Number of protein chains: 2
Amino acid sequence: MLKRTADQIYETLLKRIVDGNLRPGDSLGEQATAEEFGLSRTPIREALQRLSNAGLAERGSRRAFVVRRMDQSELQDLFEALGELEALVARLAALRMTEIERHALRDVVAEGEAPGVDYEAVNARFHEILRRGARNAMLSSLLDDLHRRTMPWRGAQFRARADRVTSSQAEHRALLEAVLAKDGDLAHLRMREHMAASMRVVSELIGI
Amino acid sequence: MLKRTADQIYETLLKRIVDGNLRPGDSLGEQATAEEFGLSRTPIREALQRLSNAGLAERGSRRAFVVRRMDQSELQDLFEALGELEALVARLAALRMTEIERHALRDVVAEGEAPGVDYEAVNARFHEILRRGARNAMLSSLLDDLHRRTMPWRGAQFRARADRVTSSQAEHRALLEAVLAKDGDLAHLRMREHMAASMRVVSELIGI
DNA sequence: GAGCGCCGATCTGTATACATATCGCAAGTG
DNA sequence: CACTTGCGATATGTATACAGATCGGCGCTC
């Protein structure tokens, strides 16, 4: 099946938002965007509507879309929801992962402790193995959605704070131990601690 | 702001799906639907795309939308995700609700135990009070989405099984006691039991 | 009878035109 | 100077036309 233009535009705009190149409140006008891409408004409209459905765009003045803004309360709810869902997934994963998967997780934690590692990539793989280990596509999908919505705020935490890498490594190892012990409740607790720590750093960075 | 035609069509089609008047696999063709409503394809397209984004429609033959179908595995993931999220919300609610809200919950449970009550409506209000009590708009929104997706399968459980009402009443009371005791972990457990019981009934009804 | 290929019907995708809703700003009035 | 009103510019909403992708079914061959 051919790739639809609207889907391509959606992915392009999504990446700009997630990378921070489009900021909350930035205009996502149909006409201006259509001109930028040299297309008619139709696929642009669909892409913008998808972004809105995904919680990444909202209507501003004159019904024109803008990148979704969030006040403090909304951000806190979003981060809390993400944290609680990651913890839920960690608990299920601790109970359901195969031995091979647990070893893969251990290897990723070890890799994350090597000097000069791309920690953001390692962190992503760590969370990805847990998600797969939870054995629930719906939860995984929900987490993808929430994760995407927090990206504009979260990406900076490792770049801006070198000491955050060190504490994250320790948190990963604590969670790994819970997983290797097949202790769902402990995995749940460790993930909540890990996510709470990430949220504190992000809160400081964005001035909450 | 005027109500958009596309939004009205979305709500109409959503209601048909949720009420079971449109079944999984039923066609949602653009042209046929446009003719039914006497409109052009444009607002119909948008409404169908919103349904797809909400997980209620999917592309079938020739890229035409149909009501979303789910196999056993997907249904199980969906119900498990819903159950776990309701339990998460129950735990937060047990810790965060005001005394007034706890009393309102108690009143709803008592009302649900009266003879001849519309139990489906009472059940909805019971869950709604808990959602509000969790103090997290994002979790509430996620639950709304999941809830909407399970409606085609879940609505029948009270109608088809009179004894399910009795057991649900007992489950509600057990959860209420956890909430009145401000015991988040117990509320969490009780809600998971409640949702697991609902899932068993629904599984039997739909032949999983 | 089974399998393969082709064609026409059936869909959606996108472009564009027209209608109109939604403001922002300027002018007038108190 | 502040407030209100009206108008024009700027957006989107919807209708419709055209292009083409996606099949299902039929006919032919082995």
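Since this is a predicted model, take the numbers as computed values, not measurements. Reminder, nothing fancy here: chain letters follow the sequence lines and each chain counts from 1.
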Is there a salt bridge (charged side-chain N to carboxylate O under 4.0 Å, His left out) between A:R200 and A:E204? Walk through the geometry before answering. CA-CA 6 Å; A:R200 277 195 294 279; A:E204 289 168 16; over 6 Å; no
Nearest whole Å is fine: how far is [N] [atom2] from [X] [atom1]?
X: B:L48; N: C:dC11; atom1: CG; atom2: C1'; value: 13 Å
X: A:E46; N: C:dA15; atom1: CD; atom2: C1'; value: 14 Å
X: A:F37; N: C:dA15; atom1: CZ; atom2: C1'; value: 17 Å
X: B:E58; N: C:dT12; atom1: CD; atom2: C1'; value: 16 Å
X: B:I44; N: D:dA15; atom1: CD1; atom2: P; value: 8 Å
X: B:L51; N: C:dT12; atom1: CG; atom2: P; value: 14 Å
X: B:E30; N: C:dT10; atom1: CD; atom2: C1'; value: 12 Å
X: A:D7; N: C:dT14; atom1: CG; atom2: C1'; value: 13 Å

A:S167 and A:R164 side chains, donor-acceptor separation under 3.5 Å: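 Checked: A:R164/A:S167 side chains pair up, N/O donor to acceptor below 3.5 Å.
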On the nucleotide D:dG13, are OP1 or OP2 found under 4.0 Å from the side-chain N or O atoms that A:R45 carries?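 Yes, within the criterion.
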side-chain N/O A:R59 vs D:dG13 OP1/OP2, d < 4.0 Å: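 Checking D:dG13 against A:R59, a side-chain N or O does come within under 4.0 Å of OP1 or OP2.
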When the ring planes of B:F126 and B:H194 are compared, do they come out parallel, tilted or perpendicular, using 30° and 60° as the limits?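 If you compare the ring of B:F126 with that of B:H194, the planes turn out perpendicular.
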How would nucleotides 16-24 of chain D be written as a contact map, 5' to 3', with B for base contact, S for sugar-phosphate-only contact and - for no contact, using protein heavy atoms under 4.0 Å? BB---SBBS
Taking only residues two or more places apart in sequence, or in another chain, which ones meet A:E86 in a salt bridge (charged side-chain N to carboxylate O under 4.0 Å, His left out)?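 A:E86: salt bridge (charged side-chain N to carboxylate O under 4.0 Å, His left out) contacts with A:R131.
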Which residue lies more 5' along DNA chain D, comparing A:A32 with B:G38 via nearest heavy atoms: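 Mapping each residue to its closest nucleotide by heavy atoms, the 5'-most match is A:A32.
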Could you go through A:T98 and A:E101, starting from their C-alpha distance and side-chain angles, then the distance that decides it, and tell me whether this counts as side-chain hydrogen bond (donor to acceptor under 3.5 Å, both in side chains)? CA-CA 5 Å; A:T98 65; A:E101 287 170 322; 3.3 Å; yes
May I ask you to say whether B:R23 pairs ionically with B:D26, meaning some side-chain N is under 4.0 Å from a carboxylate O?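 Between B:D26 and B:R23 there is no salt bridge, as every charged N stays at least 4.0 Å from the carboxylate O atoms.
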B:E84/B:R192 salt bridge by N-O under 4.0 Å criterion: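 Looking at B:E84 together with B:R192, the answer is yes, because their closest N to O distance falls below 4.0 Å.
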